[in-house]
Structure formats: structure tokens, C-alpha cells
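Whatever order the structure lists them in is the order used to number ligands and atoms, beginning at 1. Start at 1 with the first residue, then count along the sequence. Computed from a predicted model, the values in this text were never measured in an experiment.
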Amino acid sequence: MQTEKEDEDDASPEECFARSDFTGGGSDQLSFSSGDKLLVHAKPSSDWWWAELRGVRGYVPASYLRTGAAGEEEQEEEEEVEVDDDDTSLEDPWQDEEYFGSYGTLRLHLEMLSDKSRTEAYRQVIRSNSASLRNKVVMDLGCGTGIISLFCAQLAQPSVVYAVEASSMADYTRQLVKQNECEEVVTVLQGRAEEIELPEQVDVLVSEWMGNCLLFEFMVESVLLARDRWLREGGVMWPSSAALALVPCQADTYYAEKMAFWERPYGLDFTPLQPLAQQEFFTKPKFSHLIEPSDCLSAPCDVIYLDMYTLQVKDLEEIKGQFHFCVEKSGVFHGFTAWFTVHFESLETGGATVELNTGPNSEPTHWKQTLFMLDRPVSVYAGDSISGTIVLRRNPVWRRHMTVTLHWNINSTTEETDNCQANIKSVGTKSFPMWR
Ligand SMILES: NC(=[NH2+])NCCC[C@H]1O[C@@H](n2cnc3c(N)ncnc32)[C@H](O)[C@@H]1O
């Protein structure tokens, strides 16, 4: 699970100058004028680079840029930015070195294993299906330390569990399998699930692939590719389905900490810094936000539903959802909070489904929830409604990233209008990069 910090720590950016004006299309492209100095942070492809202009980052067409100060025309020819395809400095769009590097250390595994809700949910799945798992072939995709595979070997009698792990943690996972006397059942394979070869099809594909806001990291793509390649006809996916929930909420504490703070620190007026605070703290989603049930302004609703048997990789490019919330109590609408729920169907027809819910009415998990702050809070009243759409748009270049775009209308019924016809009090739309 990458954090924004790791993401922003790229090598020192390269100074380039705009050869001509460019008007960006889409929310993730930068516009600039001829002569602008841009800082190029990464070159994920030969055509589009990831650059920064006056504090804002986005994609820019490489052919519009050159190195060397503006005005040195004669130098321009020699110094035209060489854009060749096999430029080794082009960063991997999957950032696998950084991604699997982070999973090669214990920090993230400790966080996941310490998450009892998460880990016990998987143990419950194995335990409640132990009889049906007898003699089954299981694949544990992205097994990490192998905890799910060890549960399978300990609580059931599958014929084999292929524990697939791409990071260097796989060496230790083998030791843990041996240490717990499970090597008869569990075979650890190091490699990316999309690339490794299994000796046979599997009956069950189990994986803990969910990222912040359900999809961040897009490990789900690996799960779908493995499903299409290795899950036998009629095989079972664990999780079997996933849903993203959303709710309009108050976030008084967060708003006070990041925005109201500038009103009167030490008796001084620092409000000129508030536009900066909005840009710095409210432009991106806030991961690991713990929302209280009392912060919810209405009942939450599932806005996106993924069926792990039919979902296709191409569907991940853009996923849309709609919502209509009835405000149940008056308060300040600071933003939306999102979380996910996954379900594990029983191997036995009619058997009990296991649920892992990461929402505010369940035991907290290491994902907590994801908060999307509006630029300006809006007072809402019981009886108002908040309706609109959410779009998760996968980043076309950085394949583990996405942008979440929310569009909402606040409708309030006022006595003045006849037969309580709802009138639109305000409309809003905002895109939140996660992270690029
Ligand atoms: N729930 C998450 N967001 N992350 C938790 C699971 C991530 C684990 O799966 C491994 N992993 C991720 N993708 C892959 C892949 N394609 N192939 C093999 N292992 C993988 C990764 O190295 C880590 O050990």
C-alpha cells in the first residue's frame, strides 16, 4: 500500500522550458505558455511526462519541452530534448520496483497482520469452508507472509496451496511454511501472478488485493488476469464480490486542524494562507480517515459493485456510480467518505457468506476510510438531499493510480415553493488525484 509521501519522493526534477503554448485536455493534463519553466518529475512514456508548473502537477506532451534557458535559440537545436523510446530513465508505469520493494520489508505486512478484522475475516472464510476445501487446489495471490495459505493448511485439508508472492518476502514465506510444518501442502512461488506458471488449474483463487478506496494499487488487475488464466470452470473467487460505499459527512476536526486554524493563530490573522491550505490539504483524498457514525449526514449507500467473476480488466479504466442521499440531520457538509465491503461466498451451496466491512459501523481496519474534502463546506438541513455521481478513472500512464471525480447537487425543499418542489441549493464537482 503506497503512501503519498513515498510517491512524492521522486529524484530531483529536471528543468525544462515550454517551446510553445499548450492547453491541457482532461483533468490530469497541465496547460502552459511558451517559455514557462516546468519541473519534470518523471517520464513514464516517450510522449507524456509528469511535470509541475507553479505547484500543480500533471501530464505534459514531451515534444513541447526543451532543456536550456528560454531565448537561447541557437542552442535549441542541439539541446532539443532527446526523446527516444528505450530511454532507461522512463519510469515503470507500474512502479513495481518501489511497490514490491515496499512489500519486501515487514512494515506493511506487520500493519496487515495486526489488522484483526481483516485477518480474522480470512481465517473465518477458511474455517467455515474447511470441509469443502478438502482435496481442493488453492491459489493465494499476493500471499505476503503466507498467512492465508497457513490458515488453509492448518484449518483444512486442501491438496495444495500455491502461495504466489512477487516481493523478496517470498524467501521468508518459505521459511514460515517450513517453520509451521506446512510444506506438504503449501508451495511458495516467487513471481508476479501474471507471469508465474502453475502446474494445474485451481479450484479456489483467494487474495487480499483491496487497496485504499478499494482499487488503489490496482492489484485487482493481477487477480483478474490470474482468474482468467488459472481458475477452472466453476472455480471460486475469494472475495467473490466487492462494493464501494459512500456517505456525505461532517469532518469538523479535520477542517478545524487544516483550515480554520489559519483564522486566528496566536491572535493573528493568517487567512491569506487558506487558499494554500485548501490546495495542499484538500486537493487529494485523505487516506486512513476514521469517520464516526455521528459524522454521517445520511445513511451510506453502495455506489459501485464489482462481481469478481465477470469484472474485466478493461472495466477498470473507468467505473461510474450514482448516489442520492437524504440528509437525516442538519449539519455541515464537509465532504464525502468512502470505504469498501467484500463478500466471500461459501463453497457449499446455500452456505453462509462471510463479509469484511471496512465502514464506520464495523471494527476499524488498517484501511480505515477515505475522506474527500470539498473546497468549501456547506450547511445542510434535515430534509435536504445530496445526489450526484462518482467516477473512478484509472490513470492512463501510472497504472496503480486513479482520479476520483465527484459531482453533486444539494436540493433543499423550502416552504416558499409550492408542493415542496425541490430547488437546487448548490452544485459542486471536484476531482481528487490518488495520487497521480
Ligand atoms: N491488499 C493490498 N493492497 N495489499 C496486500 C497484499 C499485497 C501483497 O501481494 C503482493 N502482490 C501484489 N501484486 C502481486 C502480483 N501481481 N503478483 C504477486 N504478488 C503480488 C505484494 O508483494 C504484497 O506482498
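- Of the N or O atoms in M112, none lie within a sub-3.5 Å distance of an N or O in ligand 1.
- The shortest separation from a heavy atom of Y99 to ligand 1 is under 4.0 Å, placing the residue in contact.
- Separation of the F282 and F432 ring centroids does not fall under the 6.0 Å cut-off.
- Contact annotation: for E208 versus ligand 1, heavy atoms closer than 4.0 Å belong to both the backbone and the side chain.
- In the displayed structure, E184 atom CD is contacted under 6.0 Å by at most 12 heavy atoms of other residues, nucleotides or ligands.
- Salt bridge E221/R394: present, at least one basic N to carboxylate O contact under 4.0 Å.
- Listed by number with element, the atoms of ligand 1 under 4.0 Å from a non-hydrogen atom of E194 are 16 (N).
- Considering backbone and side-chain atoms alike, W367 places every N or O at 3.5 Å or more from each N or O of ligand 1.
- Checked by distance only, ligand 1 and S222 come closer than 3.5 Å through their nitrogen or oxygen atoms.
- Summarising the local packing, CD of E318 is surrounded by more than 12 heavy atoms from other residues, nucleotides or ligands at distances under 6.0 Å.
- The shortest N or O to N or O distance between F100 and ligand 1 is not under 3.5 Å.
- Not a single heavy atom of M169 sits closer than 4.0 Å to an atom of ligand 1.
- Not one N or O of C143 is nearer than 3.5 Å to an N or O of ligand 1, by distance alone.
- The pair E317-R393 does not count as a salt bridge, with every side-chain nitrogen at least 4.0 angstrom from each carboxylate oxygen.
- With F281 as the aromatic partner, K258 meets the cation-pi criteria of under 6.0 angstrom to the ring centre and within 45 degrees of the ring axis.
- Taking the centre and axis of the six-membered ring of W94, the NZ or CZ atom of R192 falls inside the cone set by 45° and 6.0 Å.
- Of the listed residues (M219, R118, E111), the one carrying the non-hydrogen atom nearest atom 12 (C) of ligand 1 is M219.
- The closest approach between any non-hydrogen atom of G191 and ligand 1 is below 4.0 Å.
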